[in-house]
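Numbers restart at 1 for each chain; the letters A, B, ... are given by sequence-line order, proteins then strands. What you see is a predicted model, and the numbers here were worked out from it, not measured in a lab.
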Amino acid sequence: MRYDFSSIEAKWQKKWEDAEVFRARDDFSKPKFYGLIEFPYPSGAGMHVGHIKAFSGIEVISRKRRMEGYNVLFPIGFDAFGLPTENYAIKTGMHPRQVTDKNIKKFTSQLKRVGFSFDWSRTVDTTEEGYYKWTQWIFLKMFENGLAFKDTALVNYCPSCKVVLSNEDSQGGKCDICGNEIIQKSKDVWYLRITKYADKLLSGLEEVDYLPNIKQQQINWIGKSTGAFVNFGLSGTSEKLRIYTTRPDTLFGVTFMVIAPEHPMLDKHRESIKNYDEVEAYRAECAKKTEFERTQLVKDKTGVRIDGISAVNPVNGKDIPIYISDYVMMGYGTGAIMAVPAHDERDYDFAKKFGIDIIEVIKGGDISKAAYTESGEMINSGFLNGLTDKKTSIEKMIAYLEEKGIGEPGVQYKMKDWAFNRQRYWGEPIPIIYCDKCGMVPVPYDQLPLRLPEVKNFEPGEGGESPLAKIPEFVNCKCPKCGSDAHRETDTMPQWAGSSWYFLRYIDPHNDKEFASAEKLKYWMPVDWYNGGMEHVTRHMIYSRFWYKFLYDLGLVPTSEPYAKRTAQGLILGPDGVKMSKSRGNVVDPNDIVDAYGADVLRVYILFMGDYASAAPWSESSLRGCKRFLERVADLPEKAKGTGATPALESIFHKTIKKVSGDIEELKFNTAIAQLMSLLNEIEAVGSLTVDELSVYIRLLSPFAPHLCEEIWEGMGNRKLIAVAAWPEYDENKTIDSTVEMAVQICGKLKGTITLPSDVTKENALAAVRADEKFASLIEGKTVVKEIFVPGKIINLVLK
RNA sequence: GCGGGUGUGGCGGAAUUGGCAGACGCGCCGGAUUUAGGAUCCGGUGUCACCGACAUGCAGGUUCAAGUCCUGUCACCCGCACCA
């Protein structure tokens, strides 16, 4: 068969579309499979081969599931709100709507050319009114339930993008969008109270099947720690200085206290602080530093001792100095710490620099050299002396603190509430109205969606206000409660909003009464298998699990977790071994590959190039190897005659069915394809195969190279599509060959092989080895002290 | 620093419970065919002192047998990073 990929591929893409084979049916009697990929952001650059790899894993699983008889939901959509589109609109004067439509069109055509088996009838676009209506609806539900709230706070602000960023979007002190330095700015901020769900997000991980490193990253991100709050006295006042510590067992070793530069007690006790000028100067210096600079200066501790106020250790009444230092963060715990230099590295560094006492309370280290952070026998610690178990010491101390009323057990999380507003145009408007009489009033549900108004100028204001603030028709409104003049919130939601629930909309994408019907949700949820990039493990995944758990608590979704299983693909690196990027010019465009080699070659190569979960460099010559493979497959029908099984091929066929079926389930596509290549080599060596065997072969290959396989399948006289043909089954007994080649070792050294019946007994195998001339000569004259026989594998004789 | 992971030919990568290291593909070498080839087909291809020995980052250990298990060590990648 001449392998004319371009006509074959166009032909089958059309047939699939006409036959609607990839549509998920709301037929609740069938077993379902919901496979999900991270919907793309439709950027102007179009897709690159990394997208193809990201989607190909679940694509293959979904195709296999259909052949196994499942009702498969494998949807696609576009996460289309966001800054790059808006920035492009500002630059070119095009409306973001037009830019988005254009980009979606481009992505759609690229995706269709690759032959993905998406259900295109369920496509969602987060920027469509029918979609963002429900994003706003969920926001209002959160508002109603106290999970969306407004606060004035120091926020991460990007002066270049003119936008407030969440902690997740400003990691390393750089803006996630433009890469510029972020600064701290005081602003009115909308928050989603994700911290309320911290424990549920943590414990929920026990119910789900995520790759271990994915779970670990989420656990670290949530950052739960247990310890105690302790109230230290403040000399000369009736006030307390409250701290959080994970090591209450070291309370007798406290020699100073440290508070964050932003700590409110500084203002409160201004009168008592003798060196207030010095303190104030230090605070000003800290405020100038970005979060990034602060964390960069890890080694070099700075600070100022507060003169005039000191603290009292509640367990022994000792008077201890208080310092202000920027190594203590206002955003974690209480913004104040008890410092135990003997057993904490940071406190140790600080104490050394400022000449503060170091009291050892745990034996085992040399505190003249370094802090000792391991466990050991308690000393200098009153009622804890002699204890050696850290856990017991902590429990005893906490019991004591509670009894005396000076402290209590506590829990802290690194995760912070989610800063949720952006001063930008291309996002979901936050549906809140400000009324002088009623305060913050939600837009009534029946008025959703709150539409984005038409705007001429998408530039944010210099003061960082949203472009929507310049549209009086949008801003000015009546209070829904009292009818008096009011104004609207002009900020929009961050890009993460729309992606926090899109997998629910796929289930019922055209429903205008609910975000999705309960009946359909009950059938389709949870997502059975979600694959995506590692970069979304701590943001998108945690955000969407949070939204879903909130909806679960309202009784609106049927399960406590949205994703039953989560895996991640590795990057495709450029041919130069470096991450693909426009600036390096090493990006491979899937369109070019489809043009030159065809979609099937692209698909097979991407899954064959290496371990799916690892990064691997692009190689055009390896890609050509996959082309040669498919060309040889295309010639198989000429070799097919007769029915039943070819004796020389029977066991390898059964082995291949077993291996390909198993490997696909483990995302080991590279070895599945390697097995199919091996089998092809065998078939060519034999010279022919039966029609039944050809049928098995192309069904196994069809999830990888669906177009070519449909073509061959049709050529064999099948009228039904291979996309819905039955997945081949194997017979375990037939995977076993009648004879095996076993390795023969003498004293653990390989001396040769011997062919024996696969069910040979140890006695017969050893007899056969002894009867063999070559091996017999090696044994002659020696005593065999041990005989090892591993069926089907190895015979090892240990001689003396 | 903490957490997660990876080290195997010239390259991408394979190796059930420890059981013939290097599957499969690329590249390379030789041959066939071709006006020509960066096309196609056939054969070969871990290294070396080549009838044998040595090889899975390095050094030890357990074992009849180690890429796989144990101890130590080095290198690299990813994530978080003064989280008290």
Side-chain angles (χ1 to χ4, degrees), chain A residues 171-172 211-221 223-225 227 243-248 250 258 260 292 294-301 325-329 331-340 343-347 349-350 373 412-416 534-535 537-538 570-571 573 577 604-605 608-611 613-629 631-632 662 668 670-681 684 741-753 784-799:
Chain A
Q171 293 175 34
L211 289 178
N213 54 335
I214 294 177
K215 275 194 191 181
Q216 198 56 51
Q217 268 196 42
Q218 295 200 0
I219 290 166
N220 293 346
W221 189 261
K224 182 177 183 171
S225 82
I243 61 98
Y244 174 74
T245 180
T246 54
R247 296 298 302 276
T250 61
V258 188
F292 185 63
R294 254 171 97 158
T295 54
Q296 281 305 292
L297 302 166
V298 173
K299 296 272 159 359
D300 193 23
K301 297 270 185 296
S325 173
D326 65 0
Y327 84 90
V328 173
M329 304 293 158
Y332 185 81
T334 63
I337 62 156
M338 64 179 217
V340 185
H343 306 290
D344 180 283
E345 283 173 32
R346 296 150 303 175
D347 298 348
D349 293 344
F350 194 87
T373 54
Q412 283 291 302
Y413 301 93
K414 288 185 197 173
M415 189 169 70
K416 307 211 171 85
M534 283 306 293
E535 69 276 18
V537 160
T538 49
L571 293 174
L573 306 173
V604 168
Y605 172 61
F608 179 67
M609 64 194 292
D611 176 22
S614 311
W618 182 264
S619 155
E620 187 126 354
S621 53
S622 287
L623 177 84
R624 278 196 291 273
C626 292
K627 181 167 195 270
R628 280 196 276 272
F629 167 56
E631 280 168 347
R632 286 162 59 204
K668 289 164 78 175
N670 54 336
T671 51
I673 293 167
Q675 178 68 26
L676 286 165
M677 289 173 169
S678 279
L679 174 53
L680 181 61
N681 291 343
E684 288 179 346
E741 195 181 54
M742 288 183 68
V744 179
Q745 296 184 341
I746 306 289
C747 296
K749 296 283 179 194
L750 183 69
K751 294 297 172 188
T753 60
V784 175
V785 293
K786 200 165 180 181
E787 296 163 337
I788 288 119
F789 173 77
V790 182
K793 299 276 183 189
I794 211 160
I795 298 156
N796 187 11
L797 299 177
V798 185
L799 307 177

If I take atom CE from residue A/Met338 and atom CG from residue A/Asp344, how far apart are they, to the nearest 0.5 angstrom? 9.5 Å

Distance below 4.0 Å between A/Lys627 side-chain N/O and B/U40 OP1 or OP2: no

Could you tell me how far B/G5 sits from B/G57 if I compare only their C1' atoms? Round to whole Å. 16 Å

Rounding to 0.5 Å, atoms CZ (A/Arg247) and CD1 (A/Ile337) come to a distance of 13.5 Å

With heavy atoms under 4.0 Å as the rule, sort A/Asp347 into base, sugar-phosphate or nothing. nothing

In whole angstrom, what separates A/Glu535's CD from B/G79's C1'? 12 Å

If we take the C1' atom in both B/A66 and B/A55, what is their distance in whole Å? 14 Å

For B/G43, give the paired nucleotide (Watson-Crick: N1-N3 plus N6-O4 or O6-N4; G-U: N1-O2 and O6-N3; both under 3.5 Å), or none. B/C29

So A/Gly223, base contact, sugar-phosphate only, or nothing? Heavy-atom distance under 4.0 Å. nothing

Residue A/Ala674, side-chain heavy atoms: nucleotide from B/A84, B/C20, B/A23 that is nearest: B/A23

State the syn/anti category of B/G10 according to its glycosidic angle, syn meaning within 90° of 0. anti

Without swapping roles, check the side chain of A/Tyr605 against the backbone of A/Ser619 for a donor-acceptor pair under 3.5 Å. yes

Apply side chain to side chain contact (heavy atoms under 4.5 Å, CB included) to residues A/Asp347 and A/Tyr327 and explain how you reach the verdict. CA-CA 10 Å; A/Asp347 298 348; A/Tyr327 84 90; 2.8 Å; yes

Among A/Lys751, A/Lys786, A/Glu787, A/Gln745, which residue satisfies the side-chain contact (heavy atoms from CB on, under 4.5 Å) criterion with A/Leu797? A/Glu787

A/Tyr332 side chain: which of B/C82, B/A84, B/U17 is closest? B/A84

Using whole Å, what does the distance between atom P of nucleotide B/G5 and atom NZ of A/Lys215 come to? 14 Å

Among the nucleotides B/G25, B/G27, B/G4, whichever has the atom closest to the side chain of A/Asn213 is B/G4

CE of A/Met415 to CH2 of A/Trp221: how many Å apart, nearest 0.5 Å? 10.0 Å

Under a 3.5 Å limit for both distances, which nucleotide forms a Watson-Crick or G-U wobble pair with B/G3, could you say? B/C78

Mapping A/Val790 and A/Ser619 onto RNA chain B by nearest heavy atom, which one lands closer to the 5' end? A/Val790

Does any nucleotide pair with B/G60 by Watson-Crick or G-U wobble geometry, both distances under 3.5 Å, and what is it? B/C70

Of the listed B/C20, B/U40, B/C26, the closest approach to the A/Ala743 side chain comes from B/C20

So what does A/Gln745 touch, heavy atoms closer than 4.0 Å: a base, only the sugar-phosphate, or nothing? base

Rounded to the nearest 0.5 Å, what separation is found between the NE2 atom of A/His343 and the OG1 atom of A/Thr250? 7.0 Å

Can you identify which nucleotide, out of B/G19, B/G25, B/C82, has its nearest atom closest to the A/Phe608 side chain? B/G25

Please report the distance, rounded to the nearest Å, between CE in A/Met677 and C1' in B/G13. 12 Å

Can you find a side chain N or O atom of A/Arg632 that sits less than 4.0 Å from OP1 or OP2 on B/C41? no

Look through every strand shown and name the nucleotide pairing with B/G9 as Watson-Crick or G-U wobble, where both distances are under 3.5 Å. none

Round to a whole Å and report the spacing from CZ of A/Arg624 to P of B/C28. 10 Å

Taking the side chain of A/Val798 as its heavy atoms from C-beta onward, which of B/G12, B/C64, B/G27 lies nearest to it? B/C64

Across all strands shown, which nucleotide pairs with B/U34 by Watson-Crick or G-U wobble geometry, both distances under 3.5 Å? none

Which of B/A84, B/C20, B/G13 is nearest the side chain of A/Ile794? It is B/C20

C1' spacing across the pair B/G18 / B/U68, given as an integer number of angstrom: 6 Å

Base of B/C50 relative to its sugar, syn (within 90° of 0) or anti? syn

Of the listed B/G3, B/C64, B/G27, the closest approach to the A/Gln216 side chain comes from B/G3

C1' gap between B/C20 and B/A39, integer Å: 38 Å

Base, sugar-phosphate, or nothing: which does A/Ala336 touch, judged by heavy atoms less than 4.0 Å apart? nothing

Can you tell me the base-pairing partner of B/C48? Count Watson-Crick or G-U wobble geometry only, both distances below 3.5 Å, and say none if there is no partner. B/G52

Just to be sure I understand the rule, does A/Ser225 reach a base, reach only the sugar-phosphate, or reach nothing, if contact means heavy atoms closer than 4.0 Å? sugar-phosphate

Would you indicate, yes or no, if B/G19 has its OP1 or OP2 atom less than 4.0 angstrom from a side-chain nitrogen or oxygen of A/Lys793? no

Mind checking whether A/Asn681 and A/Arg632 have side chains closer than 4.5 Å, heavy atoms only? yes

How long is the line joining CD of A/Glu741 and P of B/G19, in whole Å? 18 Å

Return the nearest nucleotide to the side chain of A/Asp611; candidates are B/A15, B/A14, B/G12. B/A14

Atom pair distance, as rounded to whole Å: CZ in A/Phe629 and P in B/A39: 19 Å

Shortest non-hydrogen separation from A/Ala336 to A/Val328 and the atoms involved: N-CG1, 4.1 Å

Can you tell me how far P in B/G7 sits from the matching atom in B/U16, rounded to whole Å? 14 Å

Do the side chain of A/Lys301 and the base of B/C82 come within less than 3.5 angstrom through a donor-acceptor pair of N or O atoms? yes

Rounded distance in Å - CG (A/Asn220) to P (B/G79): 13 Å

Say you pick atom C1' in B/C58 and the same atom in B/G10; how far apart are they, in whole Å? 23 Å

Among the nucleotides B/C82, B/C54, B/C20, whichever has the atom closest to the side chain of A/Lys749 is B/C54

Interatomic distance at P, B/G38 relative to B/G30, whole Å: 13 Å

Using atom C1' in both nucleotides, what's the gap between B/G46 and B/A23 to the nearest angstrom? 14 Å

Check whether any side-chain heavy atom of A/Ile214 lies under 4.5 Å from a side-chain heavy atom of A/Gln216, and answer yes or no. no

Students often get this wrong, so: under 4.0 angstrom with heavy atoms, is A/Asn796 touching a base, only sugar-phosphate, or nothing? base

When rounded to whole Å, the CE to P distance for the pair A/Met534 and B/U6 reads 13 Å

Using purine N1 to pyrimidine N3 plus N6-O4 or O6-N4 for Watson-Crick, or N1-O2 and O6-N3 for G-U wobble, both under 3.5 Å, which nucleotide pairs with B/A14? none

With nearest nucleotides of RNA chain B determined for A/Thr671 and A/Thr753 from heavy-atom distances, which residue corresponds to the more 5′ nucleotide? A/Thr671

